Amino acid sequence: MTTTTAREPWPVAIVVCLSAALLPISLTGGALAAPHVGSDFDSGVAATQWVANAYMLTFAAFMAVTGSLSDRVGRRKLFLGSLALFAAAGFLAAAGPTVLVVDLARALAGAGAAGVMTSGSAVLAEAYTGPRRPRVFAMLGTSIGLGLALGPLIGGALVALGGWRTLFAVIAGIATVMLLVSPAVVRESRGPAGDVDWGGGITFTAGLSALIFSLVQAQQLGWTHPVVLLAAVGGAGLLGLFGAIERRRPEPLFDVSLLALPKFLAVCVVPTVLAFGFVALLVLLPPYLGAVEGADSGEVGLSLAMMTVPTLVVPMFAGLLAQRLSPRTILVLSLLLQAAGAVWLTGGFHPVAVALVGAGFGLSLTILDGTAVSVVDPGRSGMAAGLFNTVRLTGEAVGIAAVGAALSTFLHSRVGDSDAAALLRGESVGDLAADYTGALAVVLWAVAGLSLAGAAVVWRLLSQPEPAPVAEPVVLT
């Protein structure tokens, strides 16, 4: 049964979009705070990087369960519960007595963020129909861009003024305000009745967690360490089991047949490829700028803002571009801009180079979310949003971990273990700046190549005829 989602539509959009804007702020804030957390607790590289990686890991892993739950148990109920978890985890991180507590709190915050994103998208899809739906999803994309744009500035300023604990406390406080306002404007709605696919949810969450764990720990233990190899093999096996479960369930966690639709697959490829450039750089640049440029928290935040501000500015003109360019051209252009920025950065940090990367990411924002939910009927919008956001956040979590692991490997081979560990914590070590820049350049060339390949794939997918929207999942027997 589906009920009216709100008394007035625009208050719902405002609450959902403001809440969604906090999620990227928490990501960029965590990346900025991580070196300071590691310094305060004198923790190792892996423990320090989990401040950012734990958030992205659970953000991605719990998309699978929360997308399905939003349709089954109620979108309002899940939205409020997830927002409460996000806020509580932020306060816990701010008060954390050890780096382990901070890392665990960040993992809880990521799980809450997953629920906010999937249930919030489903709330908007249910509340808005016809020509209003593209506009409200453009508003959602702009809000995410706003969070990305302001995140480095807010994070850098708060860390510089009050330390990393202040940063997490402020984010949690704003989330609490949204939680208090939400019950007055968001009303309950549900999708089709059915059971939650716990088998699929558990195997996906555990498999992705094991895979990310192996990538992060490889930076400290090495690629051939038994723990790393066991986690990688176990993660791959669990993800394979997840695929087998989903293909045979009458009511799967999400409808994997959506990936057979060229349009849907294309909008999944774009954010996945962008994650290896834009999102990974949000995490990798803070220690690089600290070690190579000698930048403090405020200066790092300002430098990152040169990359994130375009994510706010570019979507403002996306409507004009959409009148002149096809969605295919816009999405391909977003990947080409990232490739150009990555190549430019191989010679060292430059504000125009990171602006190009940010512009590519921002160009895609106003198209992706609305397209993802438009391929299904409104009653199954939660599943479509869940699958799309799972793919997107999985790409971001894997991208951050994989690019970080690659950079760590190249840097260790150039300068040795102790110096590499210090550089990756943002500490300046003698005259090793050229080695750091050289290791990062190798990674950036790979990002540029991946972006070009992604552009070719998206162009081909969006050149194919579009089938009818999917109303029911396909079950393989």
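Because the structure is a prediction, the values reported are computed rather than measured.
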So do [Y] and [X] actually touch side chain to side chain, heavy atoms under 4.5 Å?
X      : Y      : value
Met56  : Leu27  : yes
Leu335 : Leu274 : yes
Phe276 : Val398 : yes
Thr203 : Leu239 : no
Leu108 : Thr58  : no

Inset, instruction - Go through the steps for Leu285 and Val354 under the test side-chain contact (heavy atoms from CB on, under 4.5 Å), then give the verdict. - result: CA-CA 10 Å; Leu285 283 180; Val354 293; 4.2 Å; yes
Measure the [atom1]-[atom2] distance between [X] and [Y] for me, rounded to the nearest 0.5 Å.
X      : Y      : atom1 : atom2 : result
Thr394 : Ile212 : OG1   : CD1   : 8.0 Å
Thr48  : Phe41  : OG1   : CZ    : 10.5 Å
Leu281 : Phe349 : CG    : CZ    : 10.0 Å
Cys17  : Leu124 : SG    : CG    : 5.5 Å
Thr176 : Phe91  : OG1   : CZ    : 4.0 Å
Leu282 : Ile400 : CG    : CD1   : 7.5 Å

Closer than 3.5 angstrom, by distance alone: can the side chain of [X] be matched with the main-chain N or O of [Y] as a donor-acceptor pair?
X      : Y      : result
Ser82  : Phe79  : no
Ser408 : Gly404 : no
Ser214 : Leu211 : yes

Inset, instruction - Let me see the working for Thr66 and Ser119 under side-chain contact (heavy atoms from CB on, under 4.5 Å), right down to the final yes or no. - result: CA-CA 7 Å; Thr66 56; Ser119 60; over 6 Å; no
Which atoms form the tightest heavy-atom contact between [X] and [Y], and what is the distance?
X      : Y      : answer
Phe242 : Gly200 : CD1-O, 3.1 Å
Ala342 : Val357 : N-CG2, 4.1 Å
Ala109 : Ala89  : N-CB, 3.4 Å
Ala47  : Asp103 : O-OD2, 3.1 Å
Pro310 : Met306 : CD-O, 3.4 Å
Phe213 : Ala231 : CD2-CB, 3.8 Å

Review item, side-chain donor-acceptor pairs of residues 147-165, under 3.5 Å, at least two apart:
residue : atom : partner : partner atom : Å
Trp164  : NE1  : Asp40   : OD2          : 2.7
Arg165  : NH1  : Ala94   : O            : 2.9
Arg165  : NH1  : Gly96   : O            : 2.9
Arg165  : NH2  : Gly96   : O            : 3.0

Legend entry - From CA spacing to verdict: side-chain contact (heavy atoms from CB on, under 4.5 Å), Thr311, Phe278: CA-CA 10 Å; Thr311 66; Phe278 176 84; 3.6 Å; yes
Legend entry - Of all pairs that satisfy ring pair (Phe, Tyr, Trp, His ring centres under 6.0 Å), the ones with a partner from residues 44-63, not counting sequence neighbours: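 Every pair satisfying ring pair (Phe, Tyr, Trp, His ring centres under 6.0 Å) with a residue in residues 44-63: Tyr55-Phe59.
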Under the side-chain hydrogen bond (donor to acceptor under 3.5 Å, both in side chains) test, which residues partner [X], sequence neighbours left out?
X      : result
Ser297 : His36
Ser451 : Gln338
Thr308 : none

Inset, instruction - Go through Leu304 and Leu32 one step at a time and tell me if the side-chain contact (heavy atoms from CB on, under 4.5 Å) criterion holds. - result: CA-CA 10 Å; Leu304 289 185; Leu32 285 165; 4.0 Å; yes
Please set out all donor-acceptor pairs under 3.5 angstrom arising from side-chain atoms of residues 19-26, sequence neighbours excluded.
residue : atom : partner : partner atom : Å
Ser19   : OG   : Val15   : O            : 2.9
Ser26   : OG   : Arg106  : NH1          : 2.8

